[in-house]
Amino acid sequence: MTPSSATRLSDSVTFNSVSSIAAIGVQPMNHQVKYVLQESEMPRQWYNVIADLPSPPPPPLHPGTHEPVGPDDLAPLFPAALIAQEVSPDRHIAIPDEVVDVYRLWRPTPLFRARRLEQDLGTPARIYYKYEGVSPAGSHKPNTAVPQAYYNAAEGVTKLTTETGAGQWGSALAFACALFGLDLEVWMVRASYDQKPYRKLLMETYGATVHPSPSDLTSAGRAVLAEHPDSTGSLGIAISEAVEVAAGDPDARYALGSVLNHVLLHQTIIGEEAIKQFALAGDTPDVIVGCTGGGSNFGGLTFPFLREKLAGRMNPVIRAVEPAACPSFTRGVYAYDFGDTAGMTPLLKMHTLGHEFIPDPIHAGGLRYHGMSPLLSHIYELGLIEAVAKPQSECFAAGIRFARTEGIVPAPEPTHAVAACIEEALRCKETGEEKVILTALCGHGLLDLPAYGDYLSGELKDYELPEQAVEAALAGLPAGA
Ligand SMILES: *Cc1c(COP(=O)(O)O)cnc(C)c1O
């Protein structure tokens, strides 16, 4: 197939003859497009990148004393095993057999070579994507939901609380709680609760109870509603509500789907598998791009490659892609801030837009968080990764191009990664460089089709984020930490 015939696939909605369709779709490619591991090759350990960094990330601080928080401070919220993982210096942590057993339902996940996208772009670059949309919830989130539910159940907890934005984390945790016999109560950001009925139904199908946030069930929610009765909510508010309920119930704990060290740790199975699959492909990535909300799919894919980079075995550029409407890396500050809106969590040193920041309602709900993982923020400060921000229209255009070449409809979040892949591949087209690009396609978009509908009907808009809005949000950072 020639690049020119492939280009027609995307540029046109009109194929001018049957033979051009045949030229595109029927001619055998004679190239491998999928790298699969056997079940027995699934990694049995998570990788803790902290063990290999030149310095550890700054610790979370108690909001009152500004001293580092200890395990006792966190015990009302998390089980002991997860608290231990949060501060572990160990390079590897064994995956419990009970977790491996559940991972087997969809892991190892496939690594694809995006041959048709490459041809469509006419690029000499080789593009690979690690596809996490094959999980029951359709994203990478069950990689951490399952161990979190397991450790809580093993320590006698009977109920979890959590927040969810677009609903991917809530549905992943609902699935995991169903398997380990835990009750689950979810605070779902109001905007998504109204816009995404299917995610709510998926959570309920798995047995969870779902509340719109802000709700009148918590003092944090009531405080927001008193001031803004029509509040469409934010992840920060929903976290406050879920934390408040868990902290007040001795049998309940709270679960977070991103940001924290133990969450990124659990996601490293993505990168560990990808390294084995690159060995099968006989290739090495030069550029790794991934979307970042709180940083879990990005950290999960890239940390094992960062280990290889730090050891001098490969030298990929590692690039985070965030939404222009919620740019914590590229326009936030590196400071101690609360993880939630009401200021109930420990202070985390992270790239943040301020815990009072409420992002515009872009469709990539999973990327609408005011802060960034403290671990990734630290790694960014060390200069080991870079970051770019993209407007959602460019991302949806990339998502459509991906769907029309590779067949998978990406979730709105990973369209940011796909857009960065395409940008890099088109740069290679100009320079003639045969770079190897890797990304995580961390979820499918089959429950996000209304967002694609907005794009296709021309109703999708980009949000400019004025500097005053950033400055106003940053003015609310906690003093003195
Ligand atoms: C939750 C989610 C994200 C954002 O969270 P990260 O922790 O940054 O990965 C991105 N993509 C998908 C599909 C998600 O479900």
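- With a 4.5 Å cut-off on side-chain heavy atoms, Leu306 and Tyr47 do not count as touching.
- Note: Trp106 and Phe175 have perpendicular aromatic rings, judged against thresholds of 30 and 60 degrees for the angle between ring planes.
- Across all their heavy atoms, Val189 and Ala238 have their closest contact at CG2-CB, 4.4 Å.
- For the atom pair CD1 of Ile379 and CG of Leu375, the computed distance is 4.0 Å after rounding to the nearest 0.5 Å.
- Asp337 contributes atom CG, which lies 8.5 Å from atom CD of Glu356 (distance to the nearest 0.5 angstrom).
- The closest side-chain heavy-atom distance from Phe298 to Val321 is not below 4.5 Å.
- In terms of modelled atom types and a separation under 3.5 Å, the side chain of Arg331 and the main chain of Leu465 share a donor-acceptor contact.
- In terms of modelled atom types and a separation under 3.5 Å, the side chain of His370 and the main chain of Leu235 share no donor-acceptor contact.
- No hydrogens or angles considered: nothing links the side chains of Glu272 and Thr268 as a donor-acceptor pair under 3.5 Å.
- The shortest distance between side-chain heavy atoms of Gln267 and Asn297 does not fall below 4.5 Å.
- When side chains are defined from C-beta on, Gln277 does not count as touching Tyr128, because their heavy atoms never get closer than 4.5 Å.
- Proximity of a side-chain donor or acceptor of Arg253 to a complementary backbone N or O of Pro79 within less than 3.5 Å is not detected.
- Judged by distance alone, with hydrogens and angles left aside, the side-chain atoms of Tyr369 form no donor-acceptor pair with the main-chain N or O of Thr292 at under 3.5 Å.
- For residues 145-172, the pairs satisfying salt bridge (charged side-chain N to carboxylate O under 4.0 Å, His left out) are Lys159-Glu185, with sequence neighbours left out.
- Of the possible donor and acceptor atoms, one in the side chain of Glu241 sits under 3.5 Å from a partner among the backbone N and O of Ser215.
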Requested in this report: With side chain to side chain contact (heavy atoms under 4.5 Å, CB included) as the test, would you mind laying out the steps for His266 and Leu82 before giving the verdict?
Outcome: CA-CA 11 Å; His266 299 154; Leu82 292 177; 3.7 Å; yes

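- In summary, of the residues considered (Lys429, Lys435, Arg113), a salt bridge (Lys or Arg N to Asp or Glu O under 4.0 Å) with Glu118 occurs for Arg113 alone.
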Requested in this report: Begin from the C-alpha positions of Thr405 and Leu121 and carry the test side chain to side chain contact (heavy atoms under 4.5 Å, CB included) through to its verdict.
Outcome: CA-CA 10 Å; Thr405 50; Leu121 296 169; over 6 Å; no

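- Tested against Ser240, the residues Asp340, Thr341, Thr345 include a single side-chain hydrogen bond (donor to acceptor under 3.5 Å, both in side chains) partner, Asp340.
- Here Glu406 does not pair with Arg116 in a salt bridge; the nearest charged N to carboxylate O distance is not below 4.0 Å.
- For the atom pair Leu173 CG and Leu184 CG, the distance stands at 5.0 Å (nearest 0.5 Å).
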Report task. Evaluate the side chain to side chain contact (heavy atoms under 4.5 Å, CB included) criterion for residues Val470 and Leu353: first the C-alpha distance (whole Å), next the side-chain angles of each, then the deciding distance (0.1 Å), finally the verdict. Result -> CA-CA 7 Å; Val470 176; Leu353 293 160; 4.3 Å; yes

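- Heavy atoms only, all atoms of each residue included: Val224 and Pro214 are closest at CG1-CG, 4.0 Å.
- Remark: the Gln168 side chain and the Ser139 side chain contain no N/O donor-acceptor pair separated by less than 3.5 Å.
- Looking only at distances, a side-chain donor or acceptor of Asp286 sits under 3.5 Å from a matching main-chain atom of Val436.
- The residue from Arg404, Arg401, Arg115 that alone fulfils the salt bridge (Lys or Arg N to Asp or Glu O under 4.0 Å) condition with Asp120 is Arg401.
- Separating the OG1 atom in Thr232 from the CD atom in Gln195 is a distance of 9.0 Å, to the nearest 0.5 Å.
- Side-chain atoms of Thr158 and Asp251 form no donor-acceptor pair, as typed in the model, at a separation below 3.5 Å.
- Ring centroids of Phe78 and His262 are separated by less than 6.0 Å, placing the two rings close together.
- A donor-acceptor distance shorter than 3.5 angstrom exists from the side chain of Gln392 to the backbone of His363, with no hydrogens or angles considered.
- Neither side chain, Ser258 nor Trp169, offers a donor N or O lying under 3.5 Å from an acceptor on the other.
- Ser296 approaches Leu264 most closely through the heavy-atom pair CA-CD1, 3.7 Å.
- With rounding to the nearest 0.5 angstrom, the OH atom of Tyr463 is 9.0 Å from the CD1 atom of Ile362.
- Between Tyr129 and Phe402, the ring planes lie perpendicular to each other; the angle is over 60°, past the 30° to 60° tilted range.
- Only one option out of Leu260, Leu265, Asn261 pairs with Val263 in a side-chain contact (heavy atoms from CB on, under 4.5 Å); it is Leu260.
- Residues Gln32 and Leu280 form no side-chain contact, since every pair of their non-hydrogen atoms from C-beta on lies 4.5 Å or further apart.
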**Report entry** Test log, rule salt bridge (charged side-chain N to carboxylate O under 4.0 Å, His left out), inputs Glu132 and Arg107
**Finding:** CA-CA 9 Å; Glu132 292 294 309; Arg107 305 209 72 87; 2.8 Å; yes

Requested in this report: List the steps, then state whether side chain to side chain contact (heavy atoms under 4.5 Å, CB included) holds for Leu301 with Glu273.
Outcome: CA-CA 9 Å; Leu301 175 69; Glu273 285 181 5; over 6 Å; no

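- Annotation for Ile239 and Gly339: closest pair CD1-O, 3.6 Å, computed over non-hydrogen atoms.
- A salt bridge does not link Lys276 with Glu41: none of the charged nitrogens is closer than 4.0 Å to a carboxylate oxygen.
- Going from atom CG of Leu160 over to atom CZ of Phe180 covers 11.5 Å, rounded to the nearest 0.5 Å.
- Nearest heavy atom pair, residue Gly366 against residue Ala166, reads N-CB, 4.1 Å.
- With hydrogens and angles ignored, the 3.5 Å screen pairs a side-chain donor or acceptor of Tyr103 with a backbone N or O of Asn143.
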Sequence neighbours excluded and cut-off under 3.5 Å, please list the side-chain donor-acceptor pairs for residues 438-448, or say none.
unit_1, atom_1, unit_2, atom_2, d
Thr439, OG1, Val289, O, 2.7
His444, ND1, Leu446, N, 3.1
Asp448, OD1, Lys196, NZ, 3.0

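- Judged by distance alone, with hydrogens and angles left aside, the side-chain atoms of Thr352 form a donor-acceptor pair with the main-chain N or O of Gly354 at under 3.5 Å.
- Side chains of Gln148 and Leu182 form no contact here, defined as non-hydrogen atoms less than 4.5 Å apart.
- In this structure, Glu424 and Cys421 have side chains that are not in contact, with every pair of non-hydrogen atoms separated by 4.5 Å or more.
- Smallest separation of non-hydrogen atoms from Pro374 and Leu348: CG-CB, 3.9 Å.
- Residue-environment remark: CD (Gln45) exceeds the threshold of 12 foreign heavy atoms within 6.0 Å.
- The backbone N or O of Val210 sits nowhere less than 3.5 Å from a side-chain atom of Glu204 that would complete a donor-acceptor pair.
- Taking 4.5 Å as the limit, every side-chain heavy atom of Met372 sits out of range of all side-chain heavy atoms of Tyr380.
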